[in-house]
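Notes follow once the structure below has been shown.
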Amino acid sequence: MKTIDELVQSGVEGKRIFVRADLNVPLEGTTITDDGRIRAVAPTIAKLAAAGAKVIVASHLGRPKGAPDPAFSLAPVAVRLGEILGKDVSFATDTVGDSAKATVAALGDGEVTLLENLRFNAGETSKDDAERGAFADALASLADLYVGDGFGAVHRKHASVFDLPARLPHAAGDLIATEVGVLRKLTEDVKRPYVVVLGGAKVSDKLGVIDHLLEKADRILVGGGMAYTFLKAKGHEVGISLLQEDQIPACLEYLARAEKRGVEFVLPVDVLVSADFPDLKGKTPANPDLVASDAIPADKEGLDIGPKTRELYASKLADAGTVFWNGPMGVFEHPDYANGTKAVAQGLLDSPGFTVVGGGDSAAAVRILGFDENAFGHISTGGGASLEYLEGKTLPGLAALED
């Protein structure tokens, strides 16, 4: 895989470089609530601009239906990217149309533009090779070189991620190189004990990674909504908590495999419950009840791990050589249900090992809850991509960057 430094050394002044970034940031209206992904790719863009390239940045945002939708416009991202780079970033109001062509044509050496949301074109996500290819052809006509640096999208077989690199000389950006290097530390040369912390809403989202990590991890700690399907599999009442009944057989299988292999599979011992889901906008007091995890009332929902579980999980992280964490422990957006996620984040900071926060909601939680990002070993920009890499899958966007 060619590096961006090799690309720069070969000379990029005056050349149009298409940078596939992941700028899929959370928005409230036009306000960006977490700019972590923009800051993560900014060094790659800055390096290319400093070398005199004409930089064309492109990304998706959200899941529009293959047509323009103002709610998913990247216009606010262009403004924030310019602030981070310390220079103006022009904005094309389409992807391959008149605005894109004119904006790219107007670029001077060292200047940067951002195209509108790639998913406003149905060809970006099409399962039809010809339709995707046609969109990739149109994108390729805008540029001379391609740099893939949108790690959060490399598990997608999309036009700008998979098809476009085949049409242009290409290299991996610094962010992708860093992400892949970190993931290799989690799969090839692991310092033990290797502790995996998994949370989030659905157990089905994590089945593949659990299956794979049962062969590699020493301990797996489970929280968040997915924990209740495991608790139900063990015969416990979970009330109106998140539950995927159809995944109970898989949970039973994994619990049995963990026991057979000597992998510690740790579930919550106490939880915070309520009959009502909390108000996440006004954040009015929730006043939850604390109960043992095997005594959840039938009319209540588990919304965070309790203090005994927090202490237990901290103890399981205390001697870790390597930690991978993906998924919050509860509804961290509300202060009454944030302590479980805070405890895991603090447990990573206190751990002597190499710590990786696996993107998505976990990365957002670290920032929202006020932790110093630089204190962790690595904070990934791609939750889904990280999980699929750890499952041992071939990621289309990485395969496309191989020479």
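Worth knowing before you read on, the calculation uses all heavy atoms, side chains too, and leaves out hydrogens, waters and symmetry mates.
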Problem set entry | salt_bridge(Arg39, Glu373) N-O dist < 4.0 Å | yes
Problem set entry | Whether Tyr313 side chain and Val266 backbone form a donor-acceptor pair below 3.5 Å | yes
Exercise. Do Asp144 side-chain atoms and Lys15 backbone N/O form a donor-acceptor pair below 3.5 Å?
Worked result: no
Exercise. What heavy-atom pair brings Gly239 and Ile296 nearest, and what distance separates the two atoms?
Worked result: N-CG2, 4.1 Å
Exercise. Between the side chains of Thr33 and Glu28, does any donor sit under 3.5 Å from an acceptor?
Worked result: no
Exercise. Is it the case that more than 12 heavy atoms not belonging to Arg63 sit under 6.0 Å from its CZ atom?
Worked result: no
Exercise. CG of Asp299: more than 12 outside heavy atoms within 6.0 angstrom?
Worked result: yes
Problem set entry | Audit row: Phe277, Ile240, side chain to side chain contact (heavy atoms under 4.5 Å, CB included) steps and yes/no | CA-CA 11 Å; Phe277 195 83; Ile240 56 173; over 6 Å; no
Exercise. With the threshold set at 4.0 Å, does a side-chain nitrogen-carboxylate oxygen contact exist between Asp189 and Arg184?
Worked result: no
For this session: Calculate, to the nearest 0.5 Å, the distance between atoms CZ and CG belonging to Phe332 and Asp361 respectively.
Result: 5.0 Å
For this session: Examine distances only and state if a side-chain atom of Arg16 and a backbone atom of Val104 form a donor-acceptor pair shorter than 3.5 Å.
Result: no
For this session: Apply side chain to side chain contact (heavy atoms under 4.5 Å, CB included) to the pair Asn339 and Arg310, showing each step before the final yes or no.
Result: CA-CA 8 Å; Asn339 288 326; Arg310 299 197 293 266; 3.7 Å; yes
Exercise. After noting the C-alpha distance and the side-chain angles of Arg80 and Glu83, does the key distance pass the salt bridge (charged side-chain N to carboxylate O under 4.0 Å, His left out) rule?
Worked result: CA-CA 5 Å; Arg80 182 64 185 132; Glu83 292 170 350; 3.0 Å; yes
Problem set entry | Polar side chain donor-acceptor pair, His60 to Arg20, under 3.5 angstrom | yes
Exercise. Is it true that a side-chain atom of Asp35 and a backbone atom of Ile38 form a donor plus acceptor pair closer than 3.5 Å?
Worked result: no
Exercise. Should we count CD of Glu264 as having more than 12 external heavy atoms under 6.0 Å?
Worked result: yes
For this session: Assess whether atom NZ of Lys87 is packed by more than 12 heavy atoms of other residues, nucleotides or ligands within 6.0 Å.
Result: yes
Problem set entry | Between Glu301 and Ser274: side-chain donor-acceptor atoms closer than 3.5 Å | no
Seminar exercise, completed: Test side-chain contact (heavy atoms from CB on, under 4.5 Å), reference Val323, set Val196, Val356, Val344, Leu317, output is Leu317
For this session: May I ask you to check whether over 12 heavy atoms, not counting those of Asp279, lie within 6.0 Å of atom CG?
Result: yes
For this session: Show the numbers, then the answer: is there a salt bridge (charged side-chain N to carboxylate O under 4.0 Å, His left out) between Asp289 and Lys300?
Result: CA-CA 9 Å; Asp289 294 325; Lys300 294 193 175 180; 2.2 Å; yes
For this session: Please step through side chain to side chain contact (heavy atoms under 4.5 Å, CB included) for the pair Ser386 and Phe151, ending with a clear verdict.
Result: CA-CA 9 Å; Ser386 295; Phe151 180 73; 3.6 Å; yes
Problem set entry | Pair Asp270-Thr309, side-chain donor/acceptor within less than 3.5 Å | yes
Exercise. Looking at Phe72 versus Phe120, is the centre-to-centre ring distance below 6.0 Å?
Worked result: no
Exercise. Does the cation-pi check pass for Lys185 over Phe354, that is, NZ or CZ under 6.0 Å from the six-membered ring centre and within 45° of its axis?
Worked result: yes
Problem set entry | Spacing of Asp336 atom CG and Asp304 atom CG [to the nearest 0.5 Å] | 9.5 Å
For this session: Just say parallel, tilted or perpendicular for the rings of Phe230 and Phe265, cut-offs at 30° and 60°.
Result: tilted
Seminar exercise, completed: Here the gap from Gln247 atom CD to Lys202 atom NZ, rounded to the nearest 0.5 Å, amounts to 10.0 Å
Exercise. Any sub-3.5 Å donor-acceptor pair from Tyr337's side-chain atoms to Met329's backbone N or O?
Worked result: no
For this session: List for me each residue that meets side chain to side chain donor-acceptor pair (under 3.5 Å) alongside Arg257, sequence neighbours excluded, and say none if there are none.
Result: Asp211, Glu215
Exercise. Given the rule in the side chain to side chain donor-acceptor pair (under 3.5 Å) test, do Thr103 and Thr113 qualify, once you have shown the distances and angles that lead to the verdict?
Worked result: CA-CA 7 Å; Thr103 305; Thr113 192; 5.0 Å; no
Problem set entry | Residues, nucleotides or ligands: over 12 heavy atoms within 6.0 Å of Lys283 NZ | yes
Exercise. Can you list the steps and then say if Ser90 with Glu111 is a side chain to side chain donor-acceptor pair (under 3.5 Å)?
Worked result: CA-CA 9 Å; Ser90 58; Glu111 292 184 346; over 6 Å; no
Seminar exercise, completed: All heavy atoms of Leu349 vs all of Ala375, minimum pair found to be CD2-CB, 3.4 Å
For this session: Indicate yes or no for a side-chain donor-acceptor contact from Glu116 to the backbone of Leu74 under 3.5 Å, with no hydrogens or angles considered.
Result: yes
For this session: Start with the C-alpha gap between Arg219 and Asp319, add the side-chain angles, then the distance that decides, and say whether salt bridge (charged side-chain N to carboxylate O under 4.0 Å, His left out) holds.
Result: CA-CA 11 Å; Arg219 299 173 195 143; Asp319 65 343; 2.8 Å; yes
Exercise. Under 6.0 Å from the CG atom of Asp246, do we count more than 12 heavy atoms belonging to anything else shown?
Worked result: yes
Exercise. Counting distance only, does the side-chain N/O of Thr322 pair as donor-acceptor with the main-chain N or O of Val190 below 3.5 Å?
Worked result: no
Problem set entry | Evaluation steps, side chain to side chain contact (heavy atoms under 4.5 Å, CB included), between Leu145 and Leu168 | CA-CA 5 Å; Leu145 302 166; Leu168 294 171; 5.9 Å; no
Exercise. When you measure from the side chain of Ser126 to the backbone N and O of Arg132, does any donor-acceptor pair fall under 3.5 Å?
Worked result: no
For this session: Considering non-hydrogen atoms only, spot the tightest contact between Val55 and Ala49 and give its length.
Result: CG2-N, 3.8 Å
Exercise. So how far is it from Leu23 CG to Leu114 CG, rounded to the nearest 0.5 Å?
Worked result: 6.5 Å
Exercise. Roughly how far, to the nearest 0.5 Å, is the CD atom of Glu179 from the CG atom of Asp22?
Worked result: 9.5 Å
Seminar exercise, completed: The single option from Ile379, Val357, Leu198, Thr341 that satisfies side-chain contact (heavy atoms from CB on, under 4.5 Å) with Ser362 is Val357
Exercise. Have Gln9 and Asp5 got a donor and an acceptor in their side chains that come within less than 3.5 Å?
Worked result: no
Problem set entry | Closest approach of Ile305 to Pro268 (non-hydrogen atoms, all atoms of both residues) | CG2-CG, 3.9 Å
Seminar exercise, completed: NZ (Lys232) and OG1 (Thr229) are apart, to the nearest 0.5 Å, by 10.0 Å
Exercise. Would you say Met226 and Leu242 make side-chain contact, with heavy atoms under 4.5 Å?
Worked result: no
Exercise. Can you tell me if Thr44 and Asp149 form a side-chain donor-acceptor pair at under 3.5 Å?
Worked result: yes
Exercise. Taking Asp94 for the side chain and Asp98 for the main chain, is one N or O donor matched with an acceptor at less than 3.5 Å?
Worked result: yes
For this session: Indicate yes or no for a side-chain donor-acceptor contact from Glu124 to the backbone of Ser160 under 3.5 Å, with no hydrogens or angles considered.
Result: yes
Can you list, pair by pair, the side-chain donor-acceptor contacts under 3.5 Å of residues 387-397, counting residues two or more places apart and other chains?
| residue | atom | partner | partner atom | Å |
| --- | --- | --- | --- | --- |
| Glu391 | OE1 | Lys393 | NZ | 3.4 |

